[in-house]
There are 2 protein chains.
Amino acid sequence: MDEHRGRHATIVDVAQAANVSVATAGRALGGYGYVSLDTREAVLAAARALNYQKNIAAQSLISGSAKTFGMIVSDLSSEFYSNIIKSAVNYSFRHGYCVLIHDTHESAEIEREAVAIFHRHRVDGIIIAPASMQSLGHLREFVAGGGRVVQIDRRLPGLAADSVTLDNVRTAATCTARLLEAGHRRIAYIGEIDEVRPADLGRVVETYAATGRMRKGFAPSCQRLAGYLEAHREAGVPVCADLVGRTGNYRWEAARDVTQAVLSHRPTGLMTSDGLMTIGALRAVREAGMRIPDDISFLSFDDLEWLQLVDPPLSAVAQPCAEIGEEAARILIGQIRGEKEAPRTRHEHIRLAGSIIDRGSIQVIGG
Amino acid sequence: MDEHRGRHATIVDVAQAANVSVATAGRALGGYGYVSLDTREAVLAAARALNYQKNIAAQSLISGSAKTFGMIVSDLSSEFYSNIIKSAVNYSFRHGYCVLIHDTHESAEIEREAVAIFHRHRVDGIIIAPASMQSLGHLREFVAGGGRVVQIDRRLPGLAADSVTLDNVRTAATCTARLLEAGHRRIAYIGEIDEVRPADLGRVVETYAATGRMRKGFAPSCQRLAGYLEAHREAGVPVCADLVGRTGNYRWEAARDVTQAVLSHRPTGLMTSDGLMTIGALRAVREAGMRIPDDISFLSFDDLEWLQLVDPPLSAVAQPCAEIGEEAARILIGQIRGEKEAPRTRHEHIRLAGSIIDRGSIQVIGG
DNA sequence: CTGTTAGCGCCTTCAT
DNA sequence: ATGAAGGCGCTAACAG
């Protein structure tokens, strides 16, 4: 009658068309149990003729799995996250999983909502770049209720869940070492560093120089500062606190202003803590009329597409986005497979290293 | 026993905890039918205590709707699509829908797979930027089976489905008019234009000049060429076929080479057919040692983030990504609402206009 | 206002 | 190798 909508063929329809029982049709369609070759083909033919598509909701009700992952990031359209999503989605699909996605705009409240909705969809796992260090109750609850979680990019220390992150300290140290090896002795670092109070910054640097110790902090810009300091220490090069620029907020205008100030202390090289800082720092360098790499060497943390399009192209350290996405999905699938008995108490924490893309913006100076 | 996984509270658990029947619990939880205030609160409290989350799979089995959309694009990580996805996802969530996503890398085969899987998930609709003009059988079948489809960015003429696209002709005409108004009489256009054979290009331009008619073609670069020609005609300015650069493929290196050749015909202004062409064209302009906007005015079709970061910043026409995504989701939701009886034969085709972002790369020359 | 009952589409024993 | 029957978690008739 009025079945112009939602008139999907069911396994019953297929069974009737093929003159078999629903059980047999189910076996042929689902690839389980015993079915004779002839019946199987008859069923498959009937299914094709009816354009039968298995209803995953029904399957999920029984199996408990919707063959679906949820993915939550703070900004879906950023070059970084969209690349991670792309690889995670592709990997998941190749392994039979769909991906539900959501964007929180860094709102913990929206994140909590997203987790709840994914829970209602009974996703087989959530890949998430947590929006907040504080509010993680919803994730804890999800995990406590048996939900699988893999954190990416950011890792909550208080959450019992796997993670795939960049090794910020090591990668920043590698970057710094590259500049040091090129002969630079006055290297500027521009970052948010909001976990360290402005008044404490000088002391942190000096303490590190004296003891080789510092609280690494959780924020990437702090961990990367640690790498910057470590590389100096290993090379036996003292750090001048005036060369560490702290914006305190996440705006490129602040990075421009801070860089402008730092430039007056005559660095010969400069590295940033991420792509946004790169924008501000580059602008300040240009406004100061300095030429890259002749007047100053430039190394961007985060490799964004436009870095190869500016003049001159800028060297950068690229995060392994594709790997991060794949690893996260791989871990989830691994968890699902390996859950015959083990209740899992230990967690996997993968830390990947970034790789430097050399575009010639680092000048080698007199060794 | 071994219920450390998947031990989700069900409506039965909640009903028992609240000492009511499942039906009553369902009514309280689902917000339908009559429930007294006291019972409702008791049920809700029990649900909260058990961290009950409704199983959407079960709900979907009855209602026929999983409250989910599917979204398929050819490149999830492109600035263009990721912005569209972001807005579509946000709009959908705000209206109670989740979004499943997939990336086809322009493969029609993967697209067919994605549609099938989304069909199995019984999505309430698919938002898609079709990968191929030819292969659309899977979409036809999906629509024939009662599936809802909204096309974005690209529109298949042979598909009975709504669409949200950019008005390429009008937008390109606006761009061209902007250059013409600035006094330019020799405006280069760099595009893929692969639907027109190289040998035919001159004839197409001349035919248009003579008759005001041309086959607009389906590919964006051709429709935008049409707009370019139309604007010239309206302004009474003749087009020189030598200024129309055809790459024939979608690679920035080709755009660079073609632009290099076109520059020898001394254009005073240049516009591209999209972001990739912009990369090649910009490189050619730089390599030719020409200064923007003094030696040549530059207008990019597609506004990418880096255009404001190069020196000098480049003016561009921005596609309304956020609007495209929202409109697509809005149409889908509208379709769902308006399907009491109407079997829908007419379809909605929304064509949005791009807007020019002026960054000063267009020089006004002697009027 | 509340409880009982019968499915939605599929998988899974258990017979045959 | 195949069929019959029960149930996953929820909603939608019905009664009461």
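Below, all heavy atoms of this structure are taken into account, side chains as well, without hydrogens, waters or symmetry copies. A note on names: the letters A, B, ... follow the listed sequences, proteins ahead of strands, and every chain is numbered from 1.
There is no side-chain donor-acceptor pair under 3.5 Å between B:S87 and B:E326.
Note: A:F118 and B:F93 have perpendicular aromatic rings, judged against thresholds of 30 and 60 degrees for the angle between ring planes. Between A:H347 and A:H349, the ring planes lie tilted relative to each other; the angle falls in the 30° to 60° range.
Rounded to 10 degrees, the angle between the two end axes of the helix from C:dC1-D:dG16 to C:dT16-D:dA1 is 40°, with five pairs used at each end.
One interatomic measurement links the two molecules: CZ of A:R120 to C1' of D:dG9, which rounds to 15 Å at whole-angstrom precision. Between A:D13 atom CG and C:dG9 atom P the separation is 8 Å, expressed in whole Å. Here the P atom of nucleotide C:dA15 and the OH atom of A:Y34 are 18 Å apart, to the nearest Å. When rounded to the nearest whole Å, the span between CZ of B:R40 and C1' of C:dT2 equals 13 Å.
Contact annotation: B:T24 does not reach the phosphate of C:dT2 (side-chain N/O to OP1 or OP2, under 4.0 Å).
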Legend entry - salt bridge (charged side-chain N to carboxylate O under 4.0 Å, His left out) evaluation trace for B:E348 with B:R148: CA-CA 12 Å; B:E348 204 169 339; B:R148 286 173 277 254; over 6 Å; no
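Using a 4.5 Å cut-off on side-chain heavy atoms (C-beta onward), A:E111 and A:S135 make no contact. A:I333 is listed as a side-chain neighbour of A:F69, based on a closest heavy-atom distance under 4.5 Å.
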Shorter than 3.5 Å, N or O on both sides, protein versus nucleotides 10-12 of chain D: list them out with atom names.
{"unit_1": "D:dC10", "atom_1": "OP1", "unit_2": "B:Y52", "atom_2": "OH", "d": "2.5"}
{"unit_1": "D:dC10", "atom_1": "OP1", "unit_2": "B:N55", "atom_2": "N", "d": "3.2"}
{"unit_1": "D:dC10", "atom_1": "OP2", "unit_2": "B:I11", "atom_2": "N", "d": "2.3"}
{"unit_1": "D:dT11", "atom_1": "OP1", "unit_2": "B:K54", "atom_2": "NZ", "d": "3.3"}
{"unit_1": "D:dT11", "atom_1": "OP1", "unit_2": "B:Q59", "atom_2": "OE1", "d": "3.0"}

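Across all strands shown, A:S60 has no heavy atoms under 4.0 Å from either base or sugar-phosphate atoms.
Both B:L61 and A:A25 sit near DNA chain D, but only A:A25 has its closest nucleotide nearer the 5' end.
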